[in-house]
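Worth saying up front: this structure is predicted, and the values here are computed from it rather than measured. Basis for what follows: all heavy atoms, side chains included, without hydrogens, waters or symmetry-related copies. Reminder, nothing fancy here: chain letters follow the sequence lines and each chain counts from 1.
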Amino acid sequence: MKSEPSEVSIDDLAARPGQTVPWDGVRNYQARNFMRNQMQLGDLAFFYHSSCAEPGIAGIVEISRLAYPDETQFNPQSKYFDPGATRENPRWFNVEVRFIRKTRLFSIKELRSYPELAGMRILQKGNRLSITPIDPSEWKFIEVQL
DNA sequence: GCCAACGTTGGC
DNA sequence: GCCAACGTTGGC
């Protein structure tokens with residue numbers, strides 16, 4: 001799960017009350033569907049810092065609340081406001097994640113260096129999804145090196 | 001700041 | 001339903 005550290009970094013998450021954050025503001029249908037249809041309570045995810053000086057995996061989080069309607073879509077003040085969404089018929093959903101631990105920075109450069117990880121969605125050319133599923137074998141390969 | 005790649009929008 | 005134009009993403 002990608003987050004810009006200037007918005008929410010792994011340290012920001014660790015400092016929050018309850019060490020949780022709603023993963024709101026996602027406005028891509030595929031990413032929404034991963035959250036709404038696939039994610040289960042207790043599922044683990046890598047917390048990835050994107051659009052920054054050192055992009056890469058920076059920590060591990062768990063899903064602490066199942067997907068529910070993203071509050072920001074209803075707020076005209078929010079940059080994520082969606083005039084096409086109603087409370088009766090919400091368009092966007094988000095899970096909540098909880099801090100598990102910080103890791104060393106496992107950079108995108110290093111991720112790219114391992115043939116074992118070449119199939120990772122996040123490494124594919126042109127990938128723009130902020131949320132992508134990860135193969136269990138890829139998870140293990142990375143986790144033991146963190 | 002650049003720019004390739006992609007998703008969305010909207011006129012037709 | 002097509003597709004050009006536009007906006008966004010995100011590594012570099």
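- In the set C/dC12, C/dG10, B/dG7, C/dC12 carries the atom at the smallest distance from any side-chain atom of A/Arg112.
- A/Trp139 and A/Val61 end up in different hydrophobic clusters when Ile, Leu, Val, Met, Phe, Trp and Tyr side chains are linked at under 4.5 Å.
- Dashed line: the shortest gap from a side-chain N or O of A/Tyr80 to OP1 or OP2 of C/dT8 is not under 4.0 Å.
- Around the NZ atom of A/Lys2, the shell of radius 6.0 Å holds more than 12 heavy atoms that belong to other residues, nucleotides or ligands.
- The nearest whole Å value for the distance from the CE atom in A/Met120 to the P atom in C/dG10 is 14 Å.
- When the P atom of B/dG7 is taken as reference, atom OH of A/Tyr29 falls 13 Å away, rounded to whole Å.
- An OP1 or OP2 oxygen of B/dA4 is reached within less than 4.0 angstrom by no side-chain nitrogen or oxygen of A/Lys125.
- Of all nucleotides listed (B/dG7, C/dG10, C/dC12), C/dG10 comes nearest to the side chain of A/Ser130.
- Side-chain atoms of A/Ser50 lie closest to C/dG11 of the nucleotides B/dA5, C/dG11, B/dG7.
- Taking atom NZ of A/Lys79 as the reference point, atom C1' of C/dT8 lies 12 Å away to the nearest angstrom.
- In this structure, A/Arg65 is positioned above the aromatic face of A/Tyr68, its NZ or CZ under 6.0 Å from the six-membered ring centre and within 45° of the axis.
- Regarding A/Ile131, its CD1 atom lies at a distance of 16 Å from the C1' atom of B/dG7, rounded to whole Å.
- Rounded to an integer number of Å, the gap from A/Asn127 CG to C/dT8 P is 19 Å.
- Within the 3.5 Å criterion, the main-chain N or O of A/Ser9 finds a donor-acceptor partner in the side chain of A/Asp12.
- One can place CD of A/Glu54 at 12 Å from P of C/dC12, the figure rounded to the nearest angstrom.
- Between A/Tyr48 atom OH and C/dG10 atom P there is a gap of 9 Å when expressed in whole angstrom units.
- Comparing atom distances between the A/Ile108 side chain and each of C/dG10, C/dC12, B/dG7 picks out C/dC12 as nearest.
- Taking the centre of each ring, A/Phe47 and A/Trp23 come in below the 6.0 Å mark.
- Across the protein-nucleic acid pair, A/Leu123 atom CG and C/dG10 atom P stand 13 Å apart, rounded to whole Å.
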